[in-house]
Every structure is written in C-alpha cells, then in structure tokens.
Amino acid sequence: MGRRDSAVLDSLFSIGGVLAQGLSRFAYTALVGRLLGAEALAAVNVGFAVSILLSLLWPTAAGNAAAAFARRDRPQTRRALQRSVLLSLVPLCIGAGAVAAVLGGTPAAIAQAAALTAAWSGYIFARGVFIGAGRVRSAAVWDVVTGVLAICLLLVFIAQRWEQILLVPAVVGYGVFALAAALSVGRAERGADAADAPVATRAFVFWNSLALIATNGLMQASMVAASALDTPSAAGQFAAALSLATPVSMVAQAVTQAMLPRFGQWLELPAHETTRAVRRASAALAAVMAAGTGCVALVLPLALPLIYGDRYAPAVPLAQALMVAVFGFSLSVFFAAYLATVGRAREATALAGIGSAVGVGAMIVVGASAGGSIGAVVGTGAGMLLSLVLLAAAALRHRPRPGAAHGGG
C-alpha cells in the first residue's frame, strides 16, 4: 500500500471516529432538548462551548503538534507536550468555572464546566497522540466506544432525574478516551528517555493556539453570545441549530488532523509540488464540505422538528444559515493548520484574527438589536467567510518556502 492509499485510509478512519463522537454529541443534545426542553439544552450546549473554547488556548494545539511531530521515534516530544497540557488545565478549569459563574450557573454547573474542560482537553490532545503514533484506527475505535458510553450514561441520568449534572456523562466519555490513549501509547513508549519538546514545536503550539482561537473560537463564542444576549428559550433554539452544525464541522477537523503528518511530508517535496498537493487536497475538501452542508441544509426543515420536536421549528432557518459558516469554518481550519505546519503560523493567526474580529463585532452589533441568536448566526457566517477568503489566498498561492519547517514563521 502506497503513501497516498495510507493517507486516504487514515483520513477515512479519522473521519469515522470523529463522526462517531460528533454524532454522539448530537444525540446527547438531541436527547436533552427533546426530553428536557430548550433551557436545559441551552445550558448543556453552553457547557460544551465553554470547554471547547478554552481548550483552544493550549490543549487542542498541543494535540495537533502531537499528531504532526510526536512520531513513534519521538516519545520525548509527546511526553513534553503532555506535561504542558496537564499544567495548562489548572488555569483553564478555573476559567471555565468563572465563565459559568458569570453566566449565572449553579455550583453544580460551575463544577461541571471545569470538569468538562479538563476532560475535553484530555480527549482532543489524546486524539493527536494516537495519530502521531500511527494509531488512527485505535483512535476511531475508542471514539465509538466512548461516544456510546456517554449516551448510555446520559439516558441513565435522565431516567434518574439527575438534571443538575447532565454534563457528567460527557466528562466520563472524554475522560475514558484520554486514559485509553495514555495507557496504550505510554505502554508502547516505556523505557524511552524524557526530554523537553523542541523549541520549534513549542512555537508551533503557541501560534497554532492563537490560530485555533481565531478560527474555531468563533463557532463556540456564538453559543456564549446567544446565551448572553437572548432569553434562555431563544438560546435553546440556537443551541438546537448549532448542534446540527457540529457533526458536519467535525468532519473537516478530522480530515485536517489526519492530514497533519502529510503536511510534514510535503515539506520534503519541491515548493511547487507542495503547493500543488495543497491545492488538490483543499479542492477535495471543499467539494466534500459543499456537498455535506448543502445536503444538510436541504433536509433540515424535516429533520430538525423530527429530532427535537415541533417546538424547535424556529431553529430551522438558524441552522440553515449556519451551514454557510460551517463551510467557511471547515476550509479555514484546513488552511490555518497547513500554514502553521509550514512555518507561517503568525500569518495564519493574523488573517484568521481579522475574520474573527469582524465576526465578533457583528455578533455584538446585530445581537444587541435583533437578538443574540440572529447576531450569533450573522457574526459567525461573516467572520468565517472572511477568514476563508484570506487564508485561502495565502495558502494557495505559490511562494518560496520559509526556512523553518514548523515554527512561528
């Protein structure tokens, strides 16, 4: 089997695993929304949004670094990245609790926000560890197992009327995945010497974190904005719309993470061949995401009320409009990750930051006048499309390669 066949298989397994987690999270929110109502759905989705948003400040980028650089022959890089993630969890969990408190959360909600931030951070870093170790199939298997585990636990919690701690099943699911990766990859590396991660790898994590905040952060901030600028019931409608967008957006994230090792291999090619490879990969991803978001938008008028109930009919146009943002987000993540890997992380961060700044501004202005949910949709769409245009222009044009293979560039 050649490198290209292996890359395709890795991408397919990665997509399958992340789709399993994405569908699990979708089923999670669908069960809460249908059985417990819009306000409970909004509270659960805000918990997810805060944990994912805060993980972008370090753990998610560390996972990308593990996927790109922590190969089987570099256990010291993986261990150094793992230490950095563990250290980052202290301020991140404190921050999650603080955000939950500001949004009026109960003590149980504050504790769950902190726990979910730790568990999600461990999960997203662990996926990168599996991929960097060449164990994409193991990651896919654990994605399925832990996704099913979380849903089964949620059903138990709902049946027992434990409605104040509905995020605990998700904490358990993500935590089990992280533990599985630590045990299985760590066992294979036993006896290897520990060392600090290369300076270039730390620079990659730093700049990739900023780029991730500027791209992924806007989608998560939209849920926080809707919750802060709208009524709990209206925020619940937006939460239903956003939950349907999540599995689609996770496809592109899965492809991008699976492609990170390939980005590193492309650096060994002549510059013009690297550019050609990026253009082919981005064209394929654009076709997949255009088809995916288009199909979802078409079936939403039937699917959303069927899944959540007729009381969520107002969420249909919100969800359809969000598909535009999902398309922009999907390709923006791909281009930003590529630019970071080839030493142009600062450029990617700046360009994505421009799009996010426009998006956040639109959220606030439109949200203050038309409602938080409308503002969240308009701001996310505008910011993501602008980021896509800027990042694509930077990544697809041919230019001499920077001297650094992966750094602050």
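Note that the coordinates shown come from a computational prediction; the quantities given were computed from them, not determined experimentally.
- You'll find the side chain of L210 stays beyond 4.5 Å of the side chain of L56, heavy atoms only.
- Distance CD1/I110 to CD1/I94: 13.0 Å, rounded to 0.5 Å.
- Residues A118 and L89 share a closest heavy-atom pair of CA-CD2, 4.0 Å.
- Listed here is the closest heavy atom pair of Q320 and A297: NE2-O, 3.0 Å.
- Interatomic distance, CD of Q82 versus CG of L87, reported as 11.0 Å (0.5 Å rounding).
- Remark: side-chain polar atoms of R279 are not paired, donor with acceptor, to backbone N or O of A395 under 3.5 angstrom.
- Interatomic distance, CD1 of I354 versus CG of L391, reported as 9.5 Å (0.5 Å rounding).
- Ring planes of W162 and F157: perpendicular class, angle over 60° (limits at 30 and 60°).
- Using a 4.5 Å cut-off on side-chain heavy atoms (C-beta onward), L300 and V296 make contact.
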Is there a side chain to side chain contact (heavy atoms under 4.5 Å, CB included) between V205 and S84 once you walk through the steps? CA-CA 10 Å; V205 177; S84 74; 5.8 Å; no
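- Using a distance-only test at 3.5 Å, with no hydrogens or angles considered, no donor-acceptor pair links the side chain of R78 to the main chain of A66.
- The side-chain hydrogen bond (donor to acceptor under 3.5 Å, both in side chains) contacts involving residues 38-55 comprise S55-T60, S55-W120, where partners must be two or more places apart or lie in separate chains.
- In this structure, the side chains of S209 and L57 stay at 4.5 Å or more apart for every pair of heavy atoms.
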Worked check of side chain to side chain contact (heavy atoms under 4.5 Å, CB included) between L218 and M384: CA-CA 8 Å; L218 192 59; M384 288 287 79; 4.1 Å; yes
Side chain to side chain contact (heavy atoms under 4.5 Å, CB included) between V389 and L385, intermediate numbers included: CA-CA 6 Å; V389 170; L385 289 180; 5.7 Å; no
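- Listed for the R311 side chain is no donor-acceptor partner under 3.5 Å among the backbone atoms of P305.
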Apply side chain to side chain contact (heavy atoms under 4.5 Å, CB included) to residues L388 and F327 and explain how you reach the verdict. CA-CA 9 Å; L388 169 59; F327 178 81; 4.0 Å; yes
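- Rounded to the nearest 0.5 angstrom, Q160 CD and I165 CD1 are separated by 10.5 Å.
- Taking CD from Q237 and CG from L242, the interatomic distance works out to 13.0 Å, rounded to the nearest 0.5 Å.
- Side-chain contact between I374 and L318: present, with at least one pair of heavy atoms (C-beta onward) separated by less than 4.5 Å.
- Separating the CD1 atom in I52 from the OG atom in S121 is a distance of 10.0 Å, to the nearest 0.5 Å.
- Counting heavy atoms from C-beta outward, Y28 and P169 have side chains that approach closer than 4.5 Å.
- The two residues G33 and L41 make their nearest non-hydrogen contact at CA-CB, 3.9 Å.
- Across all non-hydrogen atoms, the minimal contact from Y123 to A178 is N-CB, 4.0 Å.
- Legend: side-chain hydrogen bond (donor to acceptor under 3.5 Å, both in side chains) pairs involving residues 370-395, not counting sequence neighbours, sorted by first then second residue: D230-S373.
- Contact check for S88 versus P59: side-chain heavy atoms found under the 4.5 Å cut-off.
- Across all non-hydrogen atoms, the minimal contact from S24 to G147 is OG-O, 3.0 Å.
- Across all their heavy atoms, A376 and A226 have their closest contact at CB-CB, 4.4 Å.
- Side-chain contact, R25 with Q21: no donor N or O sits under 3.5 Å from an acceptor N or O.
- In terms of modelled atom types and a separation under 3.5 Å, the side chain of Q112 and the main chain of A108 share a donor-acceptor contact.
- Taking the side chain as every heavy atom from C-beta outward, R127 and D143 approach each other to under 4.5 Å.
- The side-chain heavy atoms of L166 and L36, taken from C-beta on, include a pair separated by under 4.5 Å.
- Residue pairs meeting the ring pair (Phe, Tyr, Trp, His ring centres under 6.0 Å) criterion with at least one member in residues 292-325, sequence neighbours excluded: Y308-Y312.
- The one candidate from F125, W142, F130 that meets the ring-ring contact (aromatic ring centres under 6.0 Å, His included) condition with F177 is F130.
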